[in-house]
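Worksheet for the structure shown next.
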Amino acid sequence: MTVTRLLKLLSLSTSLVVSACVADSEAPGELVAVDNTTVVHMTPVRTAGQVADVAPPGAHLQFFGGPTLPNIHVSPIFWNPTVQFQGTLSPFYNDVPNSPLYTMLSQYGIGHGSGRPGVVAGRSTRNIRDSDIRTEVLFEINQGTVPQPNDPNNYYPVHLAPNMQVTAPDGSQSCVVFCAYHGTFTVRDVNGQQFNVNYGVLPDLSGACNGVCGGSSVVNNTTSVASHELVEATTDPAVGLATVIGFPLAWYDPSFGEIGDICNGQQGTTTGNGHSYTIQLEFSNARNDCIAN
């Protein structure tokens with residue numbers, strides 16, 4: 001079994017009880033995490049020599065009835081002030097959802113979206129676990145620095161500082177097994193109403209990740225991997241709640257994974273609001289290929 005295939009299976013079969021964010025009581029209006037199980041969907045590490053030039057034969061995304069983010073609203077979170085390329089990433093998350101890449105996604109019922117400037121947190125640079133990421137996202141939500149998840153179009157990508165390693169729920173580590181991932185956890189308000197929180201985890205791609213997460217410059221690899229997670233969070237946001245290949249998955253290929261997995265590592269460019277970025281190609285059912293527009 002190839003590493004890539006194993007990762008695809010792990011992404012749907014490995015779960016971890018989420019309890020780090022659960023509180024016994026909360027302040028009025030404060031959201032708390034629900035004690036449930038979660039999985040995350042990873043972008044596997046891959047050297048330039050392992051990147052295919054075309055989509056694998058037979059690739060085709062099926063719709064399993066889960067939610068999508070038809071007009072994504074992106075609220076990036078930067079772990080601390082040392083996160084690289086903040087000046088690129090903040091406009092990136094507003095420009096790419098308004099680019100031809102997202103026009104291509106209309107075949108999946110997706111429209112254009114928008115992004116907010118990134119929020120800079122004050123967390124220390126250290127090795128962390130996925131539970132720390134969820135805690136930070138929920139903290140920023142409750143502080144009001146990012147929007148509440150009652151808008152189902154919201155996506156919260158968390159960019160980490162250099163020299164940090166993150167451990168995913170299944171125990172795998174950044175730059176060793178994966179370049180990034182996205183997932184889902186559920187929160188509730190004081191009235192018991194529940195909302196999904198769609199989040200991404202984006203390790204710094206210099207250092208240990210350099211050379212295994214893209215064949216271009218560090219900044220271009222960063223926007224490429226970020227686009228992989230961005231588009232997958234748009235077309236399959238509830239993957240973190242899925243335990244089988246079926247609902248609540250949305251667009252998914254049972255053999256090759258999500259829209260970005262089919263084209264993992266294949267880079268191109270797109271332009272939104274007059275700004276050009278290196279992005280990862282995404283799979284088009286209509287064109288039966290990995291494309292940028």
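The first residue of the sequence shown is numbered 1, and numbering continues consecutively from there. Scope of the values below: all heavy atoms of this structure, side chains included, with no hydrogens, waters or symmetry mates.
- Checking D261 against H41 by side-chain atom types alone, a donor-acceptor pair falls below 3.5 Å.
- Summarising the geometry, atom CG belonging to N264 is positioned 13.0 Å from atom CD1 belonging to I259; distances are rounded to the nearest 0.5 Å.
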> Can you check side chain to side chain contact (heavy atoms under 4.5 Å, CB included) on S227 and Y277, steps first, answer last?
Replying inline: CA-CA 10 Å; S227 71; Y277 301 94; over 6 Å; no
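- Under the 3.5 Å distance criterion, with hydrogens and angles disregarded, a donor-acceptor pair is assigned to the side chains of H73 and D151.
- Rounding to the nearest 0.5 Å gives a distance of 12.5 Å between CD1 of I262 and CG of L281.
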>> For a side chain to side chain contact (heavy atoms under 4.5 Å, CB included) check, start with the C-alpha distance between Y108 and N285, then their side-chain angles and the critical distance, and finish with the verdict.
In response: CA-CA 9 Å; Y108 306 115; N285 277 351; 3.6 Å; yes
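- If you check the gamma sulfurs of C179 and C209, they are not less than 2.5 Å from each other.
- To the nearest 0.5 angstrom, D236 atom CG is 9.5 Å from T68 atom OG1.
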> After noting the C-alpha distance and the side-chain angles of L101 and N293, does the key distance pass the side chain to side chain contact (heavy atoms under 4.5 Å, CB included) rule?
Replying inline: CA-CA 5 Å; L101 180 66; N293 52 60; over 6 Å; no
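- Sulfur-to-sulfur, C290 and C263 sit under 2.5 Å apart at their SG atoms.
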>> Show, in sequence, the C-alpha distance, side-chain angles and deciding distance for N273 and D95, and conclude whether the side chain to side chain donor-acceptor pair (under 3.5 Å) test is met.
In response: CA-CA 6 Å; N273 298 324; D95 296 340; 2.8 Å; yes
> When you look at N221 and Q267, which way does the side chain to side chain donor-acceptor pair (under 3.5 Å) test go after all the steps?
Replying inline: CA-CA 9 Å; N221 292 340; Q267 294 184 347; 3.1 Å; yes
> Can you check side chain to side chain donor-acceptor pair (under 3.5 Å) on T145 and E140, steps first, answer last?
Replying inline: CA-CA 5 Å; T145 55; E140 299 297 343; 2.4 Å; yes
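- Other residues, nucleotides and ligands contribute at most 12 non-hydrogen atoms within 6.0 Å of the CG atom of N163.
- Both V176 and V166 are assigned to one and the same hydrophobic cluster, defined by single-linkage of ILVMFWY side chains at heavy-atom distances under 4.5 Å.
- Residues Y181 and D130 have side chains that bring a donor and an acceptor to within less than 3.5 angstrom of each other.
- Aromatic ring orientation, F63 versus W251: tilted (interplanar angle from 30° to 60°).
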> Passes side chain to side chain contact (heavy atoms under 4.5 Å, CB included), I128 versus M164? Steps please.
Replying inline: CA-CA 7 Å; I128 58 174; M164 293 181 68; 3.8 Å; yes
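- M42 CE to E232 CD: the interatomic distance, rounded to the nearest 0.5 Å, is 12.5 Å.
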>> Checking S284 against Q107 for the side chain to side chain donor-acceptor pair (under 3.5 Å) test, could you report, in this order, the C-alpha distance in whole Å, the side-chain angles of both residues, the deciding distance, and whether it holds?
In response: CA-CA 8 Å; S284 166; Q107 64 189 287; 3.1 Å; yes
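- Side-chain contact annotation: T43 with E229, donor-acceptor N/O pair under 3.5 Å present.
- Under the 6.0 Å distance and 45° angle rule, R123 counts as a cation-pi partner of F139.
- Defined by atom type and a distance below 3.5 Å, a donor-acceptor pair is missing between the side-chain atoms of T186 and Q194.
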